[in-house]
Amino acid sequence: MHFFGYKGKSFYAEGVPVSRIVKECGTPVYIYSSKTLKRHYKAYGAAFSKVAHLICYSIKANSNIAVLKTFAGQGSGFDIVSGGELFRALKAGADTKKIVFSGVGKREDEIEYALKKGILMFNVESSEELASVNRIAGRLRKKAGIAIRVNPDVDPKTHPYISTGLKNSKFGIETKAAIKEYINAKNNLKNVNPMGVDCHIGSQITKIEPFIDALAKTKELLRTLRSEGIEIKYLDMGGGLGITYDTEAPPHPSRYGEAVIEGTKGLGVTLIFEPGRSIVGNAGILATKVLYTKKGSEKNFIIVDAAMNDLARPSLYGSYHAIKAVRENSGGEITADVVGPICESGDFLAKDRILPDVRSGDYLAVMSAGAYGFSMSSNYNTRPRAAEVMVAGKEFHVIRKRESLSDLIRGERPVSTKKRRRK
Ligand code: LLP
């Protein structure tokens with residue numbers, strides 16, 4: 001449930017008309033609802049309140065520090081995948097003891113940064129990475145908490161680009177190989193502490209079964225490890241719970257919670273979750289202005305000022321995002337493609353969509369854009385990245401300024417053509 005909707009003919013974010021935000025801040029603009037963010041975070045907390053758990057919000061979904069601060073304020077931990085995300089988490093006041101570091105390609109400087117900051121654990125994804133963590137921790141005279149990310153070979157039945165738990169995936173280590181790595185860590189790697197098992201099978205998962213299948217396999221591994229004398233304290237189940245973009249009916253966190261609690265009864269572990277999309281996805285919209293409309297013999301187009309550089313998901317995965325008029329009109333409807341100004345045919349936000357017959361100067365709200373929206377945006381076609389706004393009740397705050405033209409070339413240096421004088 002979220003706090004965007006019509007009051008009369010006007011579309012609101014909590015108590016603020018979106019028309020007011022676009023007038024004051026321009027477009028394209030991402031708008032987040034702080035009440036929705038908190039509600040979704042709390043839904044997870046409530047789902048697992050009966051068992052020892054830690055929610056590590058997955059920063060990659062939406063990494064604005066105002067968003068991170070909202071979660072840090074609720075006691076959230078964080079799932080990071082880069083030194084950059086660690087930097088953001090620290091800026092947001094995160095408790096470093098609640099940070100897990102995921103990702104297949106952690107660089108040496110990133111491992112060092114995380115060790116110096118004292119994060120909870122590294123979710124290790126290869127034998128070579130494990131050796132690196134051990135070596136770097138030794139050099140820093142630290143002991144690194146580690147979990148191995150296992151690849152349970154479970155099909156999450158989602159888009160192939162966001163499936164990660166199959167055998168042919170670059171992620172994780174196959175279970176048999178993982179057992180060897182744990183034993184090696186215990187016997188030979190003095191600077192790591194194998195304290196967790198980690199498993200993340202994919203994203204936008206709309207059924208419970210793939211999670212439960214993966215859980216069954218990780219439980220088996222956990223028991224094997226314990227029989228080898230390896231004390232596993234944490235079971236990290238990753239993220240991946242889906243949301244409703246269109247007609248999907250994913251399980252509520254409470255139902256996911258019941259199934260996981262049932263499946264982990266008596267295991268004696270602290271559960272870790274790394275939700276991203278299910279917390280922020282429906283807590284954000286992208287507001288955009290209609291620049292032109294074009295009616296053709298085959299297709300109609302609504303050309304807006306947001307593009308694939310602002311919201312890549314439709315172009316990249318063919319994803320559906322609902323689109324609403326910021327001011328409902330009583331005119332008719334048309335079927336149109338909603339497209340951006342970028343010079344690519346793949347630059348669209350919606351295809352063959354039935355929409356109100358909007359005019360140039362009207363505004364549209366692209367729904368469910370809070371996850372993997374701004375965080376995946378780019379400057380392609382040298383377009384400044386959008387502003388971001390947080391609404392709280394009847395107020396709103398700009399939490400990231402729209403990029404300026406000079407932001408676009410920051411750090412670039414023309415090569416000097418002057419010949420150097422010989423001394
Ligand atoms: N943990 C790990 C290790 C992950 O790789 C991810 C997402 C998450 C947690 C959070 O998953 P979530 O709860 O958000 O599903 N750009 C794609 C999604 C990519 C997901 C990458 N990993 C999209 O726009 O659909």
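Atoms within each ligand, like the ligands themselves, are counted from 1 in listed order. Note that the structure is predicted; figures quoted are calculated from it, not measured.
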Can you tell me which portion of N123 lies within the under-4.0 Å heavy-atom range of ligand 1? Options are side chain, backbone, both, or neither.
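Looking at N123 and ligand 1, no heavy atom falls under 4.0 Å.
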
Side chain, backbone, both or neither: which part of S58 comes within less than 4.0 Å of ligand 1 when only heavy atoms are counted?
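It is the side chain that touches ligand 1; the backbone stays farther off.
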
Per-atom contacts of ligand 1 with [X], taking only distances under 4.0 Å to non-hydrogen atoms:
| X | answer |
| --- | --- |
| Y317 | 16 (N), 17 (C), 23 (C), 24 (O), 25 (O) |
| G239 | 9 (C), 13 (O) |
| G240 | 11 (O), 12 (P), 13 (O), 15 (O) |
| D79 | 1 (N), 2 (C), 9 (C) |
| P275 | 13 (O) |

Test your reading of the structure: does [X] have an N or O sitting under 3.5 Å from an N or O of ligand 1?
| X | value |
| --- | --- |
| R313 | yes |
| E274 | yes |
| G238 | no |
| G276 | yes |

For atom 25 (O) of ligand 1, which of H200, R277, Q204 has the closest heavy atom?
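Among H200, R277, Q204, the closest heavy atom to atom 25 (O) of ligand 1 comes from R277.
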
If you measure from atom 22 (N) of ligand 1 to every heavy atom of M376, K60, M237, R149, which option wins on shortest distance?
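Considering heavy atoms of M376, K60, M237, R149, the nearest to atom 22 (N) of ligand 1 sits in K60.
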
Could you name each residue pair satisfying side chain to side chain donor-acceptor pair (under 3.5 Å) that touches residues 250-272, not counting sequence neighbours?
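Non-adjacent pairs meeting side chain to side chain donor-acceptor pair (under 3.5 Å): H252-S254, E262-K265.
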
Against the six-membered ring of Y113, is R107 placed for a cation-pi contact (under 6.0 Å from the centre, within 45° of the normal)?
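Relative to the ring axis of Y113, which defines the angle, R107 lies outside at least one limit.
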
Given the ring of F101, does K106 sit roughly above its face, with NZ or CZ under 6.0 Å from the centre of the six-membered ring and within 45° of the axis?
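Pair K106/F101 counts as cation-pi.
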
Between Y57 and F71, how do the two ring planes meet: parallel, tilted or perpendicular, split at 30° and 60°?
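Geometry flag for F71 against Y57: tilted rings.
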
Would you say K299 has more than 12 foreign heavy atoms packed within less than 6.0 Å of its NZ?
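More than 12 within 6.0 Å, yes.
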
Is the backbone N or O of G83 less than 3.5 Å from a side-chain atom of E110, with the two atoms forming a donor-acceptor pair by type?
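Pair found, side chain donor or acceptor close to backbone of G83.
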
Keeping K98 on the side-chain end and G75 on the backbone end, is there a donor-acceptor pair under 3.5 Å?
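Checking the backbone N and O of G75 against the side chain of K98, a donor-acceptor pair under 3.5 Å is found.
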
Just to verify, what does E125 make a salt bridge (Lys or Arg N to Asp or Glu O under 4.0 Å) with, not counting sequence neighbours?
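Expected list: R149.
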
Using the rule given for side chain to side chain donor-acceptor pair (under 3.5 Å), can you reason through S127 versus E181, listing the C-alpha separation, both sets of side-chain angles and the distance that settles it, and then say yes or no?
CA-CA 7 Å; S127 182; E181 296 300 336; 3.0 Å; yes

